[in-house]
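Whatever order the structure lists ligands and atoms in, that order sets their numbers, starting from 1.
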Amino acid sequence: MPFSTILCSVELTDKIKAFYLSIRIHMIIPKANKLSTNELNEVEAIASDFECSILEIQGHNRCVYAILGDESREVMFKRIAGLPFISKVDMIESPYKLMDRRSGLADHRVQVGKTEVGKEEPFFIAGPCTIDPKNPNLFLESAHAIKEAGAHALRGGVWKPRTNPYSYQGDSKSLEIILQAREETRLPIDIEVMDSEQLKLAFDAKVDVLQIGTRNALNYSLLKEVGKLSAGSDTTVLLKRGRHVGSPNEFIAAAEYIVAEGNPNVMLCPRGTTPHLEGYRNHPDESITPLLKNRTWAPVVVDPSHSVGHADFVKACSLAAFAYGADGLCIESHIDPSKGIGDDPKQAIRPEKLKELIQSCQAVWESRYLP
Ligand code: PEP
Ligand code: MN
């Protein structure tokens, strides 16, 4: 059975269907790639007659416009659809207006650096869990080896969310180190931000991927701030799934917070949930990938490292993620895990293993599209 048929055959229970179909969306699609200022003013004037506002969502190739507010007014919808520069007003029903697979953003493609995520080949972000500011060379050498292994982007923790307040918490100096690694390798970089100050520092440094970790996955104020600051930019957000066993809809709705502030460049990252499966660090959840892909257009980039939490099991989880339809992976990799800090000693894989893993994943990726 072709993979797309498997995706389409995912059954929704009646309860989920009712929730899923509960909200109406009107999404305005202009004839041109973008509305001119005058055209936008005209649309906004109609919307404001009905106490609604217009949100511009800027993709790489085109803009779409969401109507926010009480949109249940057919007359407003018809007046906007009748404007000569409007191609159509899409009306769909969903709890997440913009993340929905049927929304005007359905053909939006997320790009990291020059790579369109999930288009031609599996996408890989890799790098150490944590940058050790006392040993910058370990990180820089890891970065070069990871590039050589075939990764498309480099990760590295600058500020770290640690369960134990006495564990290493990160250091702003590490931002300089990962910026240097980007300069040397030309790989786009991914770092986690946990608060407004870190967000601003990372955004000002033009960090390519802002990672929102599992502990902040439902921090709606932070999600809004990330969306607002990065609106209209090329910055991509890697949103991890909350570690409690939340529903796929809760996960997608969290991403909606970012998109609704104007940044549609969002990737969803299942990373395992708690309680853990005995022997693993968390409960692996790459299996929710088809559910996510059935409901939203956003690419799914699974994190096998935090999911299983042991270097030896990372490859199995990675292959499973692609078999389930993932677009990419975010993997912890270090040139010498025993010299690493944070999670690296237990779960980072060496770049040689990463290279092998990437090749095996490419084979799964190719086989799933065979007729
Ligand atoms: C990490 O990526 O190193 C990390 C802390 O991830 P998570 O938020 O998934 O625990
Ligand atoms: Mn980690």
### Task
Write out the protein residues near ligand 1, meaning a non-hydrogen atom under 4.0 Å from one of its atoms, in order of chain and number.
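Ligand 1 is contacted, at a heavy-atom distance under 4.0 Å, by Cys129, Arg155, Lys160, Pro161, Glu192, Gln211, Gly213, Thr214, Arg215, Lys240, Arg271, His306, Glu332.
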### Task
Kindly assign one of parallel, tilted or perpendicular to the pair His152 and Phe123, based on the angle between their ring planes and the thresholds 30° and 60°.
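Ring orientation, 0 to 90° scale: parallel.
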### Query
Which word best sums up how the rings of Tyr220 and Tyr257 line up, parallel for under 30°, tilted for 30 to 60°, or perpendicular for over 60°?
parallel
### Query
What are the two closest heavy atoms between Cys361 and Leu329, and how far apart are they?
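Between these two residues, the closest heavy atoms are SG-CD1, 4.2 Å.
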### Query
Going by chain and residue number, what protein N/O/S atoms come nearer than 2.8 Å to the Mn ion (ligand 2)?
Cys129 SG, His306 NE2, Glu332 OE2, Asp343 OD2
### Task
With sequence neighbours excluded, tell me which residues meet side-chain contact (heavy atoms from CB on, under 4.5 Å) with Ala348.
Glu332, His334, Pro337, Asp344
### Query
Only one of Val245, Thr214, Asn282 forms a side chain to side chain contact (heavy atoms under 4.5 Å, CB included) with Thr274, so which one is it?
Asn282
### Reference residue Pro270; test side chain to side chain contact (heavy atoms under 4.5 Å, CB included); the match among Leu292, Val301, Asp303
Leu292
### Message
Run the salt bridge (charged side-chain N to carboxylate O under 4.0 Å, His left out) test on Asp285 and Arg271 for me, step by step, so that the C-alpha distance in whole Å, both residues' side-chain angles and the decisive distance to 0.1 Å come before the verdict.
### Response
CA-CA 7 Å; Asp285 63 347; Arg271 48 79 69 203; over 6 Å; no
### Message
Going by the rule side chain to side chain donor-acceptor pair (under 3.5 Å), which residues pair with Glu356 if we only count those two or more places apart in sequence or in a different chain?
### Response
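Expected list: none.
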### Query
Step by step, would you call Lys97 with Asp100 a salt bridge (charged side-chain N to carboxylate O under 4.0 Å, His left out)?
CA-CA 6 Å; Lys97 291 163 179 282; Asp100 195 287; over 6 Å; no
